[in-house]
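Reminder, nothing fancy here: chain letters follow the sequence lines and each chain counts from 1. Note that the structure is a prediction, hence the values are computed from the model and not measured.
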Amino acid sequence: MSDIYTRIFKVVQEIPAGRVSNYGTIAKFVGSPRGSRLVGWAMNKSHTSEEYVPAHRVVNRIGMLSGKHHFPGEDIMQQLLENEGIVVIDDQVQDFEKHFWDPMKELPEDFI
DNA sequence: AGCCTGACCTAGG
DNA sequence: TCCTAGGCCAGGC
């Protein structure tokens with residue numbers, strides 16, 4: 001497992017319940033500004049991590065659940081989010097800006 | 001080595 | 001405003 005994954009997982013683990021973030025922002029924060037697709041790949045592999053990685057709290061830039069089909073069951077991702085108080089309609093997080101969690105603002109710059 | 005694939009993003013028409 | 005093409009990084013074959 002390369003170091004970039006470790007960093008991605010580490011940041012995702014910091015996302016509080018009831019908040020969501022997106023791939024591009026995380027990629028930027030871990031030092032790979034154009035590596036948004038890599039973050040998606042990392043989420044795909046996240047179940048191999050020893051630590052729990054709340055991959056369902058990561059959505060794309062417009063708040064859509066683009067990764068729902070990679071969860072073990074239909075609408076599992078949506079249910080996980082709704083358990084945390086987030087409203088999802090048509091694979092779209094409602095009030096996305098309000099729930100958005102930005103590592104650039106919430107975490108210290110030397111977190112990595 | 002080379003080509004294809006993705007849980008993405010941005011710019012341009 | 002919607003749609004497309006291109007660029008991006010790493011992995012799989």
Scan every strand shown for a Watson-Crick or G-U wobble partner of C:dC2, both distances under 3.5 Å, and answer none if you come up empty.
B:dG13
Whole-Å distance between B:dC8 C1' and A:F29 CZ?
19 Å
When only distance counts, do a donor and an acceptor, one from the side chain of A:R37 and one from the base of C:dG11, lie under 3.5 Å apart?
no
Taking every heavy atom of A:I26 against every heavy atom of A:V12, the minimum-distance pair comes out as CD1-CG2, 4.0 Å
Hey, can you tell me if A:F9 and A:Y5 have their rings parallel, tilted or perpendicular (30° and 60° cut-offs)?
parallel
Take atom CG of A:L38 and atom P of B:dC9, then tell me their distance rounded to the nearest Å.
13 Å
Quick one: A:Y23 OH to C:dA10 P, roughly how many Å, whole number?
18 Å
Hey, is the side chain of A:S32 poking within less than 4.0 Å of OP1 or OP2 on C:dC8, counting only N and O atoms?
no
Nearest-angstrom distance from the residue atom CG of A:N60 to C1' of B:dG6:
14 Å
Expressed as a whole number of angstroms, how long is the span from A:D3:CG to C:dC9:C1'?
16 Å
Just do the side chain to side chain contact (heavy atoms under 4.5 Å, CB included) check on A:M43 and A:I8 with the steps written out, would you?
CA-CA 9 Å; A:M43 292 305 96; A:I8 292 173; 3.7 Å; yes
Measure from CE on A:M43 to C1' on B:dC8 and round the result to the nearest Å.
13 Å
Main-chain N/O of A:V20 paired with A:R57 side-chain donor or acceptor, under 3.5 Å:
no
On DNA chain B, check which nucleotide each of A:N44 and A:R61 is closest to and give me the residue with the more 5' one.
A:N44
At under 4.0 Å, does any side-chain N or O of A:K45 touch on OP1 or OP2 of C:dG12?
yes
Atom NZ of A:K68 to atom C1' of B:dG6: distance rounded to whole Å?
18 Å
Within the 4.0 Å heavy-atom criterion, would you say A:A27 contacts the bases, only the backbone, or no part of the nucleic acid?
nothing
Backbone N or O of A:Q92 within a donor-acceptor pair of the A:D90 side chain at under 3.5 Å?
no
Tell me: CD1 of A:I62 to C1' of B:dT10, nearest whole Å?
13 Å
